[in-house]
Amino acid sequence: MSVVTRIAPSPTGDPHVGTAYQALFNSVFARQHGGKFIVRLEDTDRSRYNATSEGRILDMLDWLGIVPDASPRNEDDKGPYIQSQRAGLHRQYAEQLLASGAAYRAFDTTEELDERRKAAEARKDSYLGYDRRDRHLSAEESDWRAAAGEEFVIRLKAPLEGKTVVHDHLRGDVVFDNAELDDKVLLKRDGFPTYHLAAMVDDHLMGVTHVIRAEEWLTSTPIHQLILQGLGWQAPVWIHTPWLLSAGGKKYSKRRGDPSVEDFRNKGILPEALLNYLGMMGWTMPNGEEIFSVDDMVQHFSWERVSLGGSTFDVQKLKWLNGKYIREVLPLATVASRVHGFGTEHGYAQGIAEDKYFTQVVELMLPRFETLQEFWEKTAYFFGEDYPVTDKAAKPLAEGQDVLPKLREALAALPALTHDQTEPVLKALAEAQGLKVGKVMQPLRAAVAGTLESPGMFELLELLGKERVLARLDRMMK
RNA sequence: GGCCCCAUCGUCUAACGGUUAGGACACUACCCUUUCAAGGUAGCGAUACGGGUUCGAAUCCCGUUGGGGUCACCA
């Protein structure tokens, strides 16, 4: 049996980290088995639909480098992959369920439902689902009222007794008491299906073999099995993955202020690092390695190494990982081009060419920035003469005014400010003045960089070049 | 509240009945050093609790507690 997995994001807002997480695991598992990974947009909630969201979700996947075998941008014969375009299909199966007696029409208005629910809550009922008022309407009455134009929804007729066993691939059998189950709405008043129906119909029609989704779906899986059963279809392998949590221990969510994938991207997190980080949430490489690629994951993935406790998202560790990719994993040329691309996208790189000089700056800065954004925040003095002087740098700059002219003189005498030329000169000068090396270096650094945090002095001088260094010294000498 | 899931350092995790409970992030100290980093070394720090089973339990079973999820004409 060939594996088919999917993600079914809902285009309601910002591209969610949870979607990226699911996309990773679904695509890795499919690839590992030479199967197919598909993306289906679940947009059947017209009220929450967000027109830009759809494209942004697909863009996020592109950015991450997760390539679906089928999606709204890559349709095949199993499509369309936009769920609302399949509404006719869903309706047809809802009617089939209705005809076979596995479902029924319910004519309650939203107001009635609200009222009864509130009453149930007030009574502290343990069962808070639909009270099944219309479950026992005769077929004649149901047909007649529908024909008369009364609006209705189609609900699942869940069994009232017995048990439904869901076999979760990670947790084993999970037993639900049917009496706890609800007569869920399958087809809404507006003719669109709910998730429960739509997902099951589409998964089946698209040949999905393994439903890998977040743990929040576990409790509605018995409903899904009942739908499948009513339609005479076989259930897929259910795999409910552990939670992604945010600092408070709650479910990670954009609504709580947790960053979206776009937020990470805009801060200068690399897709490789994000994916690597997500991969170590709930899963580990067999040898315990922390730095691994999606390809490594495809090679070594197994459900046995998934831990079930939820994982708290730690931005600090993500940043560390990102820094690791910058300084150790990605080649310099790649880092330089990512940095420049980021700068262009966010207005930092105006008039700055992606040339050899730029790459040298990146190389010098390599161990000094963890996100692409940090690079730009720390390097103004490499790319212009109007760099700011920090408060901390102002002090050594003032204190060093008498040594600066001597420094200028010594540097001006050099043919070029190469490392091997400047180092002995600067050290000799410090000694001659009876000063600690730092007392000479810090004023120099403050003058040419405007900050006390910079790459090594000699590399800095060499890269900046004699002309610029001298001009800066002239300007900074009172 | 009913039901469901989960439980090792603050965080991510290793251990698949026998380890001084290991690693990583963070934190602290030291080393390196012209600053800031990076890097290196060391330290701090966990099996939620209570019962069993077993020669032996982080590991298996039960209970308690705690956390999370779910109970929408949202997904």
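Every chain is numbered from 1, with letters handed out A, B, ... down the list of sequences.
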K.L.:
What interatomic distance, in whole Å, is found between C1' of B/G50 and the corresponding atom of B/U65?
P.N.:
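Each nucleotide's C1' atom is 10 Å from the other's.
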K.L.:
Using OP1 and OP2 only, check whether a side-chain N or O of A/Arg155 sits under 4.0 Å from B/C73.
P.N.:
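Affirmative; the distance criterion is met.
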K.L.:
Would you please confirm or rule out a distance under 4.0 Å between OP1 or OP2 of B/C73 and any side-chain N or O of A/Thr194?
P.N.:
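The answer is no; no side-chain N or O of A/Thr194 sits under 4.0 Å from OP1 or OP2.
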K.L.:
If the C1' atom of B/U70 is compared with that of B/C12, how far apart are they to the nearest Å?
P.N.:
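Nearest-Å result for B/U70 against B/C12 at atom C1': 27 Å.
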K.L.:
Which part of the nucleic acid does A/Leu308 contact within heavy-atom distance under 4.0 Å: base, sugar-phosphate only, or nothing?
P.N.:
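Sugar-phosphate only.
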K.L.:
Pick one: which of A/Gln83, A/Arg46, A/Arg91 meets side chain to side chain contact (heavy atoms under 4.5 Å, CB included) with A/Phe192?
P.N.:
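One option only clears the test, and that one is A/Arg46.
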K.L.:
Strictly by Watson-Crick or wobble contacts shorter than 3.5 Å, is anything paired with B/U8, and which nucleotide is it?
P.N.:
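Paired with no nucleotide.
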K.L.:
When the P atoms of B/A37 and B/C30 are considered, how many whole Å apart are they?
P.N.:
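Their P atoms lie roughly 14 Å apart.
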K.L.:
How about A/Phe313 and A/Trp243: are their ring centres within less than 6.0 Å of each other?
P.N.:
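They do not qualify: ring centres at least 6.0 Å apart.
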K.L.:
Atom CE of A/Met280 to atom P of B/U11: distance rounded to whole Å?
P.N.:
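It works out to 15 Å between those atoms.
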K.L.:
Using a cut-off of 4.0 Å on non-hydrogen atoms, how would the nucleic acid contact of A/Lys250 be classed: base, sugar-phosphate, or nothing?
P.N.:
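Result for A/Lys250 = sugar-phosphate.
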K.L.:
Which whole-number value in Å describes the distance from A/Met285 CE to B/U13 P?
P.N.:
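Whole-Å distance recorded here is 16 Å.
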K.L.:
What distance, rounded to whole Å, do you find between the two C1' atoms, one in B/G45 and one in B/A24?
P.N.:
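It works out to 14 Å between them.
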K.L.:
With no hydrogens and no angle check, is any side-chain donor or acceptor of A/Lys378 less than 3.5 Å from a backbone partner on A/Arg368?
P.N.:
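Checked: pair present.
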K.L.:
Looking across every strand, which nucleic acid part, if any, lies under 4.0 Å from A/Arg213 by heavy atom: base, sugar-phosphate, or nothing?
P.N.:
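If one applies the 4.0 Å heavy-atom cut-off, A/Arg213 turns out to touch nothing in the nucleic acid.
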K.L.:
Checking all strands, does A/Thr109 fall into the base, sugar-phosphate, or nothing category for heavy-atom contacts under 4.0 angstrom?
P.N.:
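Base, at least one base atom sits under 4.0 Å.
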K.L.:
Does A/Ser220 make a side-chain N or O approach to OP1 or OP2 of B/U70 shorter than 4.0 Å?
P.N.:
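Negative; the distance criterion is not met.
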K.L.:
Angle between ring planes, A/His16 versus A/Tyr252, binned at 30° and 60°: parallel, tilted or perpendicular?
P.N.:
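Aromatic pair A/His16/A/Tyr252 classed perpendicular.
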K.L.:
Using a 4.0 Å heavy-atom cut-off across all strands, classify A/Gly282 as base, sugar-phosphate, or nothing.
P.N.:
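It contacts sugar-phosphate atoms only.
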K.L.:
If each of A/Asp173 and A/Lys251 is mapped to the nucleotide of RNA chain B with the nearest heavy atom, which maps nearer the 5' terminus, i.e. the 5' end?
P.N.:
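Result: A/Asp173.
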K.L.:
Under 6.0 Å from the ring centre and within 45 degrees of the ring axis: does the NZ or CZ of A/Arg145 meet both conditions for the six-membered ring of A/Phe152?
P.N.:
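Geometry flag: not set, cation outside 6.0 Å or 45°.
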K.L.:
Report yes if the distance between the aromatic ring centroids of A/Phe37 and A/His210 is under 6.0 Å, otherwise no.
P.N.:
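When the ring centroids of A/Phe37 and A/His210 are compared, they turn out to be at least 6.0 Å apart.
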K.L.:
Are A/Trp283 and A/Phe25 close enough that some pair of their side-chain heavy atoms sits under 4.5 Å apart?
P.N.:
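In short, these two side chains touch, coming nearer than 4.5 Å.
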K.L.:
Rounding to the closest angstrom, what is the interatomic distance between B/U8 and B/A58 at atom C1'?
P.N.:
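To the nearest whole Å, 6 Å.
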K.L.:
Base, sugar-phosphate, or nothing: which does A/Asp108 touch, judged by heavy atoms less than 4.0 Å apart?
P.N.:
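It contacts base atoms.
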K.L.:
Considering only the C1' atoms, how many Å lie between B/C71 and B/C61, rounded to the nearest integer?
P.N.:
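The same atom, C1', in both gives a distance of 30 Å.
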K.L.:
Does A/Pro11 reach a base, just sugar-phosphate, or nothing at all? Heavy atoms under 4.0 Å.
P.N.:
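Nothing, no nucleic acid heavy atom in range.
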K.L.:
Under 6.0 Å from the CG atom of A/Asp402, do we count more than 12 heavy atoms belonging to anything else shown?
P.N.:
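Enclosed: over 12 neighbouring heavy atoms sit under 6.0 Å from CG of A/Asp402.
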K.L.:
For a quick check of understanding: with a heavy-atom distance under 4.0 Å over all strands, which category does A/Arg189 fall into, base, sugar-phosphate or nothing?
P.N.:
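Here A/Arg189 touches the bases of the nucleic acid.
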K.L.:
Contact class for A/Thr44 vs. all strands (heavy atom < 4.0 Å): base, sugar-phosphate, or nothing?
P.N.:
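A/Thr44: backbone/sugar contact only, no base atoms under 4.0 Å.
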K.L.:
Which part of the nucleic acid, if any, lies within contact of A/Ser126, taking any heavy atom under 4.0 Å across all strands shown: a base, the sugar-phosphate backbone alone, or nothing?
P.N.:
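If one applies the 4.0 Å heavy-atom cut-off, A/Ser126 turns out to touch a base.
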K.L.:
Looking at A/Thr219, does any N or O in its side chain come under 4.0 Å of the phosphate oxygens OP1/OP2 on B/C5?
P.N.:
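The answer is no; no side-chain N or O of A/Thr219 sits under 4.0 Å from OP1 or OP2.
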K.L.:
For B/A42 and B/C49, measure between their P atoms and round to the nearest Å.
P.N.:
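The same atom, P, in both gives a distance of 30 Å.
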K.L.:
For A/Lys436, which contact category applies under a 4.0 Å heavy-atom criterion: base, sugar-phosphate, or nothing?
P.N.:
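A/Lys436: no heavy atom of the nucleic acid under 4.0 Å.
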K.L.:
Under 4.0 Å, counting only non-hydrogen atoms across every strand here, what does A/Thr110 touch: a base, just sugar-phosphate, or nothing?
P.N.:
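Counting heavy atoms under 4.0 Å across all strands, the contact made by A/Thr110 includes a base.
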K.L.:
Classify the nucleic acid contact of A/Glu42 as base, sugar-phosphate or nothing, counting any heavy atom under 4.0 Å across all strands shown.
P.N.:
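Contact class for A/Glu42: sugar-phosphate only.
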K.L.:
Using a cut-off of 4.0 Å between protein heavy atoms and nucleotide atoms, how would you tag nucleotides 25-39 of chain B 5' to 3' with B, S and -?
P.N.:
SS-------BBBBSS
K.L.:
With a non-hydrogen cut-off below 4.0 angstrom, is A/Val153 in contact with a base, only sugar-phosphate, or nothing?
P.N.:
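Base, at least one base heavy atom under 4.0 Å.
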K.L.:
Write down the distance separating the P atoms in B/G10 and B/A48, rounded off to the nearest Å.
P.N.:
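Going atom to atom, P in each nucleotide, I get 11 Å.
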